[in-house]
Number of protein chains: 2
Amino acid sequence: MRLSCISNFGYTFVMNIESLLKKKNIKVTTARVALLKLLEAASKPVCYEEIKGRIAMDKATFYRNMITFEEAGILNAFESHSKMRYFELGHTPHAHFVCTACNGVECIESIDVQLPGYEIGTIVIHGRCRSCVEAGV
Amino acid sequence: MRLSCISNFGYTFVMNIESLLKKKNIKVTTARVALLKLLEAASKPVCYEEIKGRIAMDKATFYRNMITFEEAGILNAFESHSKMRYFELGHTPHAHFVCTACNGVECIESIDVQLPGYEIGTIVIHGRCRSCVEAGV
DNA sequence: GTTTTAAATGCAACCAAGTTGCATTTGTTA
DNA sequence: TAACAAATGCAACTTGGTTGCATTTAAAAC
């Protein structure tokens, strides 16, 4: 299994993912390495719909691994409008914008919300994104 | 129909709802008056689950009227975590907090988010609410 | 290197919030 | 009061996500 990963994604990268999983006591499997590789390469949060076209994987496996990653603290999840869950590797906390016109999802780094006494997880802003506003969609 | 409303909710209130609907060219029905009365009385956004225990109404009728009210601009909607849509009468724009521990929904008036070029609809903040943080839930 | 065993995967059946089609009822207008 | 368009209720459907279970796979023991 490791050999095929090496040929696909390069040695260094695989080692990082493997050591991350091992550090979190999560078994290293083909599916998990492929998922983390794809999430790492993505510049935006992704949903199962987007992933299934690029990795052959049952949705049960996908969602179960997302839960595993989330519980290990290496992944953030949120829901767009219309019931779809989006996932991204967890780095600096930031908000997300979901466009109700084009369904696009963007990371928003520029806002900072404080709510004393509350523990803030994810922030989702719905509306029309800049492109759709400009295009009058 | 109007008589029963009067006895239940009082004359003035019914007249306000009726005139609101007429102004928006929405037909005045028993279901709509009951829904708007309940939404007006609620201090928080409500979902179908909460409403069906208090008004006998098919869910198709409920959701269709929510769409009607939303399109008329008298209602705001957003989704909690776990796929449920919440509705509230549309007054001053504000954010909502959804607690992932107790599933409670709160209005947050104190934050103000600006995103130049974007058109912001609803803002949903997920996390643990003050009560749950204090209780260590 | 082989065996063992606990966990991960894939499949299919399931779940539930929300939607749709259609026959019946209700509100409005003539 | 009659006629018509719109609203309602019911039941069937849609769909993103979950669950149960038999099979496969990774990692530890030998």
Side-chain angles (χ1 to χ4, degrees), chain A residues 1-6 14 17-36 45-53 55-72 75 77-87 98 100 103 105 124, chain B residues 1-5 14 17-36 45-53 55-72 75 77-87 98 100 103 105:
Chain A
M1 164 253 143
R2 185 150 136 221
L3 274 174
S4 70
C5 289
I6 292 172
V14 170
I17 287 177
E18 283 197 10
S19 54
L20 171 68
L21 289 174
K22 279 175 182 158
K23 203 171 74 181
K24 296 285 186 179
N25 283 319
I26 299 172
K27 204 191 254 185
V28 178
T29 66
T30 312
R32 287 176 180 160
V33 173
L35 278 175
L36 289 176
V46 292
C47 62
Y48 174 63
E49 190 69 21
E50 295 166 326
I51 273 182
K52 76 174 180 190
I55 308 179
M57 178 181 299
D58 190 75
K59 59 180 178 175
T61 304
F62 173 80
Y63 287 113
R64 280 192 280 234
N65 276 321
M66 292 301 109
I67 291 168
T68 301
F69 294 158
E70 215 177 342
E71 285 173 351
L75 192 86
F78 64 92
E79 327 211 348
S80 76
H81 75 300
S82 283
K83 313 157 199 159
M84 261 191 296
R85 284 183 80 77
Y86 279 75
F87 304 89
V98 179
T100 50
N103 289 317
V105 174
V124 183
Chain B
M1 164 250 146
R2 185 150 138 223
L3 274 173
S4 71
C5 288
V14 171
I17 286 177
E18 283 197 10
S19 53
L20 171 68
L21 289 174
K22 280 174 181 156
K23 202 171 74 180
K24 298 283 186 179
N25 283 317
I26 299 172
K27 205 190 253 184
V28 179
T29 65
T30 313
R32 288 178 179 157
V33 173
L35 278 175
L36 289 176
V46 293
C47 61
Y48 175 63
E49 191 69 20
E50 293 165 328
I51 274 182
K52 75 174 180 191
I55 309 180
M57 178 180 300
D58 189 75
K59 58 180 176 173
T61 303
F62 173 80
Y63 287 114
R64 280 191 280 234
N65 277 321
M66 292 301 108
I67 291 168
T68 301
F69 294 158
E70 215 178 342
E71 284 173 351
L75 191 86
F78 64 92
E79 326 210 350
S80 76
H81 77 300
S82 285
K83 311 157 200 159
M84 259 189 298
R85 285 182 77 77
Y86 279 74
F87 304 89
V98 179
T100 50
N103 289 317
V105 175

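We name chains A, B, ... by the order of the sequence lines, and we start the count at 1 in each one.
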Item to complete: Apply side-chain contact (heavy atoms from CB on, under 4.5 Å) to the pair B/I55 and B/F62, showing each step before the final yes or no.
Response: CA-CA 10 Å; B/I55 309 180; B/F62 173 80; over 6 Å; no
Discussion item. For a side-chain contact (heavy atoms from CB on, under 4.5 Å) check, start with the C-alpha distance between B/M57 and B/I51, then their side-chain angles and the critical distance, and finish with the verdict.
Written reply: CA-CA 9 Å; B/M57 178 180 300; B/I51 274 182; 5.6 Å; no
Item to complete: Give a yes or no answer on whether the side chain of A/R85 reaches the backbone of A/A77 with a donor-acceptor pair at less than 3.5 Å.
Response: no
Worksheet item: Which nucleotide in the list C/dG18, D/dC10, C/dA8 gets nearest to the side chain of B/K59?
Response: C/dG18
Worksheet item: How many angstroms lie between CZ in A/R32 and CZ in A/R64, if you round to the nearest 0.5 Å?
Response: 10.5 Å
Worksheet item: Expressed in angstrom and rounded to an integer, what is the separation of A/K52 atom NZ from D/dG17 atom C1'?
Response: 12 Å
Fill in: Whole angstrom value for the distance that separates P of D/dG17 from CE of A/M66
12 Å
Discussion item. Using whole Å, what does the distance between atom C1' of nucleotide D/dT15 and atom CD of A/E79 come to?
Written reply: 14 Å
Worksheet item: If an axis is fit to five pairs at each end of the helix from C/dG1-D/dC30 to C/dA30-D/dT1, what is the angle between the two, to the nearest 10°?
Response: 30°
Worksheet item: From D/dG9, D/dA27, D/dG17, pick the nucleotide closest to the side chain of A/V28?
Response: D/dA27
Discussion item. Strictly below 4.0 Å: does B/T68 bring a side-chain N or O up to OP1 or OP2 of D/dA6?
Written reply: no
Practice prompt. Just say parallel, tilted or perpendicular for the rings of A/F78 and A/Y86, cut-offs at 30° and 60°.
Written response: parallel
Discussion item. Could you tell me how far apart B/Y48 (OH) and D/dG9 (C1') are, to the nearest whole angstrom?
Written reply: 10 Å
Worksheet entry | Nucleotide nearest A/T29 when distance is taken to its side chain, options D/dA7, D/dA26, C/dC22 | D/dA26
Worksheet entry | Atom pair distance, as rounded to whole Å: CG in A/L21 and C1' in C/dA7 | 14 Å
Worksheet item: Can B/D58 and B/Y63 be said to form a side-chain contact (heavy atoms from CB on, under 4.5 Å), step by step?
Response: CA-CA 9 Å; B/D58 189 75; B/Y63 287 114; over 6 Å; no
Worksheet item: When all nucleic acid strands are considered with a 4.0 Å heavy-atom cut-off, which category describes A/R32: base, sugar-phosphate, or nothing?
Response: sugar-phosphate
Practice prompt. Write down the distance between CD (A/E71) and C1' (C/dA7), rounded to a whole number of angstrom.
Written response: 15 Å
Item to complete: Write down the atom of B/K27, the atom of B/L21, and the distance for their closest heavy-atom approach.
Response: O-CD1, 4.5 Å
Worksheet item: Within this structure, what is the CD1-to-P distance between B/I67 and D/dA6, rounded to whole angstrom?
Response: 17 Å
Discussion item. Go nucleotide by nucleotide along DNA chain D from the 5' end; which of B/F62 and B/K27 gets its closest nucleotide reached first?
Written reply: B/K27
Worksheet item: To the nearest Å, how far apart are B/Y63 OH and D/dA7 C1'?
Response: 18 Å
Fill in: Residue mapping more 5' on DNA chain C - nearest nucleotide basis, B/R64 or B/M84
B/M84
Discussion item. Classify B/A60 by what it touches in the nucleic acid, base, sugar-phosphate, or nothing, heavy-atom distance under 4.0 Å.
Written reply: base
